Amino acid sequence: MATKTRIGLAGLAVMGQNLALNIAEKGFPISVYNRTTSKVDETVERAKKEGNLPVYGYHDPESFVQSIQKPRVVIMLVKAGAPVDQTIKTLSAYLEKGDCIIDGGNEWYENTERREKAMAELGLLYLGMGVSGGEEGARNGPSLMPGGSFEAYKYIEDILLKVAAQVPDSGPCVTYVGKGGSGNFVKMIHNGIEYGDMQLIAEAYDVLKSVGKLSNEELQSVFTEWNRGELLSFLIEITADIFGIKDDKGDGHLVDKVLDKTGMKGTGKWTVQQAAELSVAAPTIEASLDARFLSGLKEERVEAAKVFKSGGFGDILSDQPVDKQKLIDDVRKALYAAKICSYAQGMNLIRAKSIEKGWDLKLGELARIWKGGCIIRAIFLDRIKKAYDRNANLANLLVDPEFAKEIIDRQSAWRRVVSLAINSGISTPGMSASLAYFDSYRRERLPANLVQAQRDYFGAHTYERTDMEGSFHTEWFKLAKQSRS
């Protein structure tokens, strides 16, 4: 082909293939390359089938790079870690000063910062770009979170604006996030929020099914109904779909045959580690990670169930008749209130990191680009964007006047659901963690005074006082001994 393509993409697993086809469909001729060359041919075939899209395949890295117009832009969609370094090494051998590499994978943000520096020494530009929306989003419009070289972002802004999900009232779901590894960091926190969301939905399901005795048909209609209101979101929508799918290998519904053991790729774990590093409370996200760890202990749980049954401790589901309609309404309110806490925690993590690194991230803008394309897309994000529009320095989403009112309106339902679950022996770690977060955050005085006294008693760590300035140390042991004598 004589004329050069506009952009290149290396790494043609599901996400790579779909993103390449999306770019081509938006009118940008694209070169594609993969180490396993059969993937290249497969992608070119798909491009033909899906409307003769301008996708050009190359079996070797040199001709791939040469086929792209200058300054060249290459997107990589390969597994995080060593494969990224390997791909960069392969490609950079043929790239020239001013060319640009974009990593579209779920990479640890510090790796992106290291690579950006290394590339700059070779005169190359580098972007770490979070891509959310799964294969469907990649093909039809993902949420894109590019961070790193602003110059590199400018090269491909025209492409990204067309390729990203389009939300009618707020535009394409892409923005230049910020410097360094901020794009990857924001994508990581997005995934942490997603863990929280999924766990809260699973708990809502458990309470409705185990305590409310709802059938899959009833669950499907409840979630379908919820998806028309304040909970309107991708995750609620797919949950409704899941309850409707019949088992193709036997009787009943497929959801009941799925093993209760959750996998994970690591972004949720990274989020929780960052929360600890930044000293930011993220209990809902942490509870969702713990829930995945516990789900992994399937064999142990089967044995534990036997131990407690033989000890006379069966399912302690309450014998009280349940008012189904009231329960459904309560669970909806509890889910919404708990979800506000999960997003508040995620936003606080992003802000804390932004301050630490001097990234100057715009929280309202991030809420905007999550409104479409991504896994946590929800009508609710519009409320978050408006909250930050009202007050860019909002200390916590919980104290935004509108969210505060929504929580106050829902808190008694939320407490009823958590109490009912506890009394029925059903674990709701996410909803409970969210509630504890809210109850701690809204209290003027916490029992931390006792913890400080304990720390000073055994370790002379000192404490501050409520009634005068300064640090104090008391010889608690001596005083206690005297008062005992």
Side-chain angles (χ1 to χ4, degrees), residues 194-247 251-262 284 287-288 290-292 294-295 301 305 314-342 376 378-380 406-407 409-436 438:
E194 178 188 308
Y195 273 51
D197 252 356
M198 292 169 75
Q199 176 62 23
L200 292 169
I201 292 170
E203 292 172 18
Y205 156 63
D206 197 7
V207 172
L208 292 174
K209 178 185 157 82
S210 306
V211 186
K213 302 283 184 272
L214 272 73
S215 66
N216 287 319
E217 285 80 9
E218 289 174 304
L219 287 164
Q220 185 183 15
S221 78
V222 164
F223 276 83
T224 303
E225 188 52 45
W226 286 357
N227 201 43
R228 296 194 184 107
E230 62 192 14
L231 287 170
L232 170 74
S233 61
F234 174 66
L235 285 169
I236 294 285
E237 179 190 333
I238 68 170
T239 302
D241 288 346
I242 288 167
F243 291 129
I245 305 292
K246 293 283 204 300
D247 184 6
D251 296 335
H253 287 78
L254 184 55
V255 68
D256 298 323
K257 309 280 175 72
V258 176
L259 182 67
D260 52 321
K261 213 171 155 176
T262 317
T284 313
S288 65
D290 285 339
R292 292 193 183 195
L294 277 163
S295 78
R301 289 188 287 114
D315 291 338
I316 51 170
L317 295 172
S318 59
D319 307 326
Q320 300 300 313
V322 174
D323 176 342
K324 261 191 195 181
Q325 238 8 79
K326 177 133 178 52
L327 180 66
I328 291 168
D329 199 47
D330 277 356
V331 172
R332 174 180 59 80
K333 289 176 178 160
L335 179 54
Y336 187 79
K339 188 180 160 92
I340 294 175
C341 294
S342 190
I376 63 173
I379 196 160
F380 169 79
E406 295 191 324
I407 284 197
D409 292 346
R410 288 162 183 75
Q411 59 122 9
S412 49
W414 191 8
R415 293 179 197 287
R416 280 196 297 274
V417 170
V418 171
S419 306
L420 177 67
I422 290 171
N423 291 329
S424 307
I426 300 288
S427 56
T428 48
M431 284 188 186
S432 309
S434 282
L435 185 56
F438 167 66

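Bear in mind the structure is a predicted one, so any value in this text is a computation, not a measurement.
- Remark: the backbone N or O of Gly196 is not paired with any side-chain donor or acceptor of Gln199 at under 3.5 angstrom.
- The structure places CG of Leu232 at 11.5 Å from CG of Leu235, a figure rounded to the nearest 0.5 Å.
- With rounding to the nearest 0.5 angstrom, the OG atom of Ser295 is 8.5 Å from the CG atom of Leu259.
- Screening Asp197, Leu335, Asp241 against Ile236 for a side chain to side chain contact (heavy atoms under 4.5 Å, CB included) leaves a single residue, Leu335.
- What you find for Gly244 and His253 is that their closest heavy atoms are C-CD2, 4.3 Å.
- Summarising the geometry, atom OG belonging to Ser221 is positioned 7.0 Å from atom CD1 belonging to Ile328; distances are rounded to the nearest 0.5 Å.
- Checked against Val331 for a side chain to side chain contact (heavy atoms under 4.5 Å, CB included), the options Asp206, Val207, Val211 give a single hit: Val207.
- For Ile379, the CD1 atom counts as loosely surrounded, since its 6.0 Å shell holds 12 or fewer non-hydrogen atoms of other residues, nucleotides or ligands.
- Within the 4.5 Å cutoff, no side-chain heavy atoms of Val222 are placed close to those of Lys324.
- A donor-acceptor pair under 3.5 Å links the side-chain atoms of Ser434 to the main chain of Ala338, judged by distance alone.
- By the 4.5 Å heavy-atom criterion applied to side chains, Glu203 and Pro429 are counted as neighbours.
- Two residues are said to be in side-chain contact when any heavy atoms from C-beta on lie closer than 4.5 Å; Lys333 and Arg416 fail this criterion.
- Annotation: side chain of Leu420 is in contact with side chain of Leu327 (closest heavy-atom distance under 4.5 Å).
- Within a 6.0 Å sphere centred on CG of Asp260, heavy atoms belonging to other residues, nucleotides or ligands number more than 12.
- Distance check: Lys339 NZ to Thr284 OG1 gives 12.0 Å after rounding to the nearest 0.5 Å.
- For the pair Asp409/Glu406, no side-chain contact is recorded, criterion being any heavy-atom separation below 4.5 Å from C-beta on.
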Stepwise, does the side-chain contact (heavy atoms from CB on, under 4.5 Å) test hold for Val417 with Thr428? CA-CA 9 Å; Val417 170; Thr428 48; 5.6 Å; no
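- Proximity of Leu231 to Phe223: side-chain heavy atoms (C-beta onward) are nowhere separated by under 4.5 Å.
- One distance of note links CD of Glu230 with CZ of Phe380; it measures 9.5 Å at 0.5 Å rounding.
- Within the 4.5 Å cutoff, no side-chain heavy atoms of Leu214 are placed close to those of Tyr205.
- Looking at Ile407 and Trp414, their side chains come closer than 4.5 Å, going by heavy atoms from C-beta outward.
- Results of the salt bridge (Lys or Arg N to Asp or Glu O under 4.0 Å) test with Lys326 over Asp323, Asp330, Asp329 single out Asp330 as the only residue that passes.
- Of all non-hydrogen atoms in Phe438 and Cys341, the two that sit nearest each other are CB-SG, 4.2 Å.
- In this structure, the separation between CZ on Arg410 and CZ on Arg332 is 7.0 Å, given to the nearest 0.5 Å.
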